[in-house]
Amino acid sequence: MTGLLDDFSLIDRVLEGNSHAYGLLVQRYQSYAYTLALRVVKDPMAAEEVAQDAFVRVFQALKTFQKDSKFSTWLYRIVLNQALAYMRKKRPEYTSDFPLDRPETQEANQELLREERKMHLDRAIAGLSTDDRTVLTLFYFKELSLEEMSEVMGQPANTIKVKVHRARTRLARALETTMKEEVHSLL
Amino acid sequence: MKLTDDILERYLAGELSPQEMEQVEQRLGEDAPLQSAVRLTKAWEDDAELGLKMPSPDFATRVMIKVLQKRFSFRELVQTNTLGFLSGKSGMFLGAIFTLLVVGGGIVFGALPSYYPDLNLPTFQADRMTNGLPVIAGLFSLLLLFLLDRWVLKRYFAKDS
């Protein structure tokens, strides 16, 4: 039963040659890696490529992974680096507007209110800076402490804390703007 | 009360006094869009999945295909452990081929002269010299295999050895 194994046990199995165990790790973190990549590159297709390539790099470097930190921290750092590298290399024409939402069959059945909230959130987040988007995304993943976030972003924990607070305020202001726009559109 | 960014920041971080908190909530009650915005910001905090995006359904499969494409290399073909690749499955495979070649070769070359006498193929006479040759050849092959094993370990599995 590999489904209930923790990350380190799965990694041990991968290193023993069990590819299936790596598939389980990918499934466990795919939405987090994809979300982080998407928040940085703002393009769903590119985000998929970035996140997939990050997982491949992680696989190749798995032997060097030191278990003194969480697997997710290490993964997110690689995803973030991959996404930032993509942003540095990408051509200007890729800086298209962030799509409000992409068709997601898995979430199609969820309640309308939740979808609306997601839509507002996406729209507001898209208007923030890359730094704000990254810090908020990592913060709201919930599983990372400030120290782990600082490890992912390569910045001191105190700086991250200030950034989280300011980014959250800017998000609230951005949401306020979208709410007002919506009210105006209804009048 | 004017809801400045500083006050809003401290409100969202839960750093206001109860009195200030009450004032902010009263102010929010007068501003529906701002109230919704703050609620949504807090909602995301309570529900991490609200901001989570799902990749395409075949995401994991595509990752594994890429991984397997990268894995298909000599390094992966010669599965190994700290003892060397000959002690693993690849060693068994190599050993089986080696045995087949030696035994098969012996049978073929030993039998050929009697099957085709017209070809005047040389036959090996059992004497002290020819008796020793298979032993020497076997030891030499083992030495070669040992050296190959060490080379593979050093070249591809430096961390393991």
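These numbers come from the heavy atoms of this one structure, side chains and all, not from hydrogens, waters or symmetry mates. Throughout, a chain's letter reflects where its sequence line sits, starting with A, and its residues are numbered from 1. Treat the numbers as computed from the prediction; the structure is a model and nothing was measured.
Once rounded to the nearest 0.5 Å, the distance linking NZ of B:K53 with CG of A:L121 reads 9.0 Å. A distance of 10.5 Å separates CE of A:M179 from CD of B:Q35, quoted to the nearest 0.5 Å. In this structure, OG1 on A:T169 lies 5.5 Å from CG on B:L12, to the nearest 0.5 angstrom.
Contact check for B:M64 versus A:H20: no side-chain heavy atoms found under the 4.5 Å cut-off. A heavy-atom distance below 4.5 Å is not found between the side chains of A:R168 and B:L8. Within the 4.5 Å cutoff, no side-chain heavy atoms of A:E176 are placed close to those of B:V38. Contact of the A:Q30 side chain with the B:V63 side chain is not registered, since no non-hydrogen atoms from C-beta on lie closer than 4.5 Å. Proximity of A:I125 to B:W44: side-chain heavy atoms (C-beta onward) are separated by under 4.5 Å at one or more points. The side-chain heavy atoms of B:L52 and A:Y34, taken from C-beta on, include no pair separated by under 4.5 Å. The shortest side-chain heavy-atom distance between B:E15 and A:H165 falls under the 4.5 Å cut-off.
One finds no salt bridge joining A:R170 and B:D5 here, because no Lys/Arg side-chain nitrogen approaches an Asp/Glu carboxylate oxygen to under 4.0 Å. For the pair B:E9 and A:R173, the salt-bridge criterion is not met [side-chain N within less than 4.0 Å of a carboxylate O].
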Next item on the list: May I have the step-by-step check of side chain to side chain contact (heavy atoms under 4.5 Å, CB included) for A:T35 and B:M54, ending in yes or no?
Entry: CA-CA 7 Å; A:T35 303; B:M54 294 301 289; over 6 Å; no

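Other residues, nucleotides and ligands place no more than 12 heavy atoms under 6.0 Å from the CD atom of B:Q26. Counting non-hydrogen atoms of neighbouring residues, nucleotides and ligands closer than 6.0 angstrom, the NZ atom of A:K161 reaches no more than 12 such neighbours. Within 6.0 Å of the CZ atom in A:R57, the count of heavy atoms belonging to other residues, nucleotides or ligands does not exceed 12. Within a 6.0 Å sphere centred on CZ of B:R39, heavy atoms belonging to other residues, nucleotides or ligands number 12 at most.
Contact between B:A37 and A:A172 at its shortest, heavy atoms only, is CB-O, 3.3 Å. The two atoms that bring B:A60 and A:Q27 nearest to each other are CB-CG, 3.8 Å, heavy atoms only. For the pair A:S31 and B:P55, the tightest heavy-atom approach, listed with the atom from each and the gap, is CA-CD, 3.9 Å.
In the hydrophobic cluster analysis, where Ile, Leu, Val, Met, Phe, Trp and Tyr join through side-chain heavy atoms closer than 4.5 angstrom, A:V162 is grouped apart from A:V135. Linking Ile, Leu, Val, Met, Phe, Trp and Tyr residues whenever their side-chain heavy atoms come within less than 4.5 Å leaves B:I65 and A:V14 in two separate clusters.
In this structure, chain A has no heavy atom under 4.5 Å from any part of B:D6. Of the atoms belonging to A:L136, heavy atoms from both backbone and side chain fall under 4.5 Å from chain B. Neither the backbone nor the side chain of A:E16 comes within contact range of chain B, judged by heavy atoms closer than 4.5 Å. Neither the backbone nor the side chain of B:A32 comes within contact range of chain A, judged by heavy atoms closer than 4.5 Å. Neither the backbone nor the side chain of A:A124 comes within contact range of chain B; no heavy atoms are under 4.5 Å apart.
Classified by interplanar angle (parallel below 30°, tilted 30° to 60°, perpendicular above 60°), the ring pair B:F59/A:F55 is perpendicular.
Side chain of A:E48 to backbone of B:S56: a donor-acceptor contact under 3.5 angstrom is found.
Comparing A:D53, A:L171, A:V56 by heavy-atom pairs within less than 4.5 Å of chain B, the highest count is held by A:V56.
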